[in-house]
A.B. asks: 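Pasting a structure below so you can have a look.
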Amino acid sequence: MRLALWIAARHLWRGRNRYARLINWMTLAGLGVGVLVLTVVVSVMNGFDAELRSRILGTVPHALLPVSLGVDAQAAARLPGVAAAYPFFQASGMVVGAGGVAPVAVYGIDAADAGRLAAIDARMQTGRCFGLTNGRSPGAEVESCENVIPRSGKLGGRLEEVLAAPTGLAMGRPLARRLGLVEGDPLRLALPQADGGRVQPRFKAFRLQGLFEVGAEFDYALVVVSRAAFDDGEMQRLGADGIRVVLDDPLAAGEFATMVAATEYDAEAEARVETWIQNYGELFLAVRIEKALMFLILLLIVAVAGFNIVSSQTMVIDSKRADIAVLRSLGATGTLVQRVFLAQGVLVATLGIVSGLMLGVAAANHIGPIFAVLESWLGLRLLEGSYFESVPSQVLPSDLALIGGLSWLLCLLSAWIPARRAARQNPVEGLHA
């Protein structure tokens, strides 16, 4: 095998056919660019997927066990796969304030458990610091915001402080801006209540005490209140009262619901356990399908570059017919000849794939500055109007292994085809060529 590698390297770097060598190097460059693009695109899609998971699954309940199951927070916390469990209330309603009305989802949580809503608690803001002055004098309001900086850094306020009073309410900053509300303004929640076969709105008075900006649809359609604002009867009449479950693996929510149904509670528990999959499962399925399709499309680009090995190696073999015939006349076997040209193709493929992976990882890890340069060149704000301020990226070793492995297998097949043709070449014809 060493002899085959030595001959292959000599043909690749010191061959007399300059055009064939140029084709080999162009093939190497094409492979590198294809693998680079594939690595960057997959890493960026991983980043967007991770951001969506963090923002959405960090906000919605992984699973909600209704009161009718008869399980309390302590018992739920002992179930396999559960990281935390605490009382929780959720409902749908309308928020009314400053002459504006908007449909919202209502989350009710005890002030002591407010920190468990990590995605919201970590992004708490205050209206006085972010331009929600509603025409009021901004100068005096900013005086109390010395330690509050934009959401790209550490934010001010705690959700627990907002919910310390039963009438305290937190909502998304974009929703507050749409309704013309600022911190401290009074507002009302209208929650539907069944009454004698009819649905009547039940109004509850609150005061806006905090703002958050998760960077998802919740900023426009979610309010968080204290469970102390409702009694037990109200929570059961106005929405769903139960135990919010935080899972170690949110993706296992379906299995968790099945496991609950298999416990001593009741056989219909699975149908009554609400999980995030019911509302957001299709979204993450669409993201997975999009990533898979994009991977296959870009892999075809790598395959086209890899198949160039067939043409380049065929050209080299045609120019080396006499050399092959001499080797065969000196006793070289067809297997040795096949290994020489197979090794040459594999060398080109390996160099191209490794260089593409290295450059791709470097580009993916610095996609923010690269994207900013592209935006300045194009004169566009490509993320404008989205929930993202910058392009996220996440490089996964499993993706790198898959990209490298599939690319190398495609190139190996491309190199094997002409190598086998060289091994079957008649040495007599080569000597007379």
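Heavy-atom basis, side chains included; hydrogens, waters and symmetry copies ignored.
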A.B. asks: Holding to ring-ring contact (aromatic ring centres under 6.0 Å, His included), I want the full list of residues that pass it with Phe256, two or more places apart in sequence or in another chain.
C.D. replies: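 Result, ring-ring contact (aromatic ring centres under 6.0 Å, His included) vs Phe256: none returned.
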
A.B. asks: I'd like to know if the side chain of Asp121 and the backbone of Leu117 have a donor-acceptor N/O pair within less than 3.5 Å.
C.D. replies: no

A.B. asks: Hey, is the main chain of Phe89 close enough, under 3.5 Å, to the side chain of Asp241 for a donor-acceptor pair?
C.D. replies: no

A.B. asks: For Trp416, enumerate each residue passing the ring-ring contact (aromatic ring centres under 6.0 Å, His included) test, keeping only those at least two apart in sequence or located in another chain.
C.D. replies: none

A.B. asks: Can you measure from CE (Met94) to CZ (Arg188) and round to the nearest 0.5 angstrom?
C.D. replies: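 Here the interatomic distance stands at 12.0 Å.
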
A.B. asks: Glu160: which residues meet the salt bridge (Lys or Arg N to Asp or Glu O under 4.0 Å) condition with it, sequence neighbours left out?
C.D. replies: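 Expected list: Arg158.
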
A.B. asks: Mind checking what makes side chain to side chain contact (heavy atoms under 4.5 Å, CB included) contact with Ala84, not counting sequence neighbours?
C.D. replies: Arg116, Val246

A.B. asks: With salt bridge (Lys or Arg N to Asp or Glu O under 4.0 Å) as the rule and sequence neighbours excluded, what pairs involving residues 66-85 come up?
C.D. replies: none

A.B. asks: Just jot down the side chain to side chain contact (heavy atoms under 4.5 Å, CB included) partners of Leu396, sequence neighbours excluded, or say none.
C.D. replies: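 If we apply the side chain to side chain contact (heavy atoms under 4.5 Å, CB included) test to Leu396, skipping adjacent residues, the hits are Asn46, Gln394, Ser398, Asp399.
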
A.B. asks: Suppose we screen for salt bridge (Lys or Arg N to Asp or Glu O under 4.0 Å). Which residues come up paired with Glu217, at least two apart in sequence or across chains?
C.D. replies: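 Glu217 satisfies salt bridge (Lys or Arg N to Asp or Glu O under 4.0 Å) with no residue once adjacent residues are dropped.
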
A.B. asks: To the nearest 0.5 Å, what is the distance between CZ on Phe230 and CZ on Arg237?
C.D. replies: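 Reported to 0.5 Å precision, the distance equals 11.0 Å.
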
A.B. asks: Starting at CG of Leu211, measure out to CD1 of Ile120 and round the result to the nearest 0.5 Å.
C.D. replies: 12.0 Å

A.B. asks: Using 30° and 60° as the class boundaries, would you call the ring planes of Trp276 and Phe284 parallel, tilted or perpendicular?
C.D. replies: perpendicular

A.B. asks: Calculate, to the nearest 0.5 Å, the distance between atoms CZ and CG belonging to Arg288 and Leu283 respectively.
C.D. replies: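 If I round to the nearest 0.5 Å, the distance is 10.0 Å.
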
A.B. asks: Picking from Arg53, Glu51, Met45, what satisfies side chain to side chain contact (heavy atoms under 4.5 Å, CB included) with Asp49?
C.D. replies: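 The residue from Arg53, Glu51, Met45 that satisfies side chain to side chain contact (heavy atoms under 4.5 Å, CB included) with Asp49 turns out to be Arg53.
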
A.B. asks: Using ring-ring contact (aromatic ring centres under 6.0 Å, His included) as the criterion, list what pairs up with Tyr86, not counting sequence neighbours.
C.D. replies: none

A.B. asks: List the atom pairs, donor and acceptor, that lie under 3.5 Å between side-chain atoms in residues 97-109 and the rest of the protein, sequence neighbours left out.
C.D. replies:
none

A.B. asks: Kindly compute the distance separating CG (Leu187) from CG (Leu208), expressed to the nearest 0.5 Å.
C.D. replies: 6.0 Å

A.B. asks: Under the rule for salt bridge (Lys or Arg N to Asp or Glu O under 4.0 Å), what residues qualify as partners of Arg178, not counting sequence neighbours?
C.D. replies: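 For Arg178, no residue satisfies salt bridge (Lys or Arg N to Asp or Glu O under 4.0 Å) once neighbours in sequence are set aside.
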
A.B. asks: Please list all pairs meeting side chain to side chain donor-acceptor pair (under 3.5 Å) that have one or both residues in residues 345-363, counting only residues at least two apart or in different chains.
C.D. replies: Thr350-Trp408

A.B. asks: Could you pull out all residues at least two apart from Pro87 that satisfy side chain to side chain contact (heavy atoms under 4.5 Å, CB included)?
C.D. replies: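 Pro87 satisfies side chain to side chain contact (heavy atoms under 4.5 Å, CB included) with Ala73, Asp110, Asp113, Arg227 once adjacent residues are dropped.
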
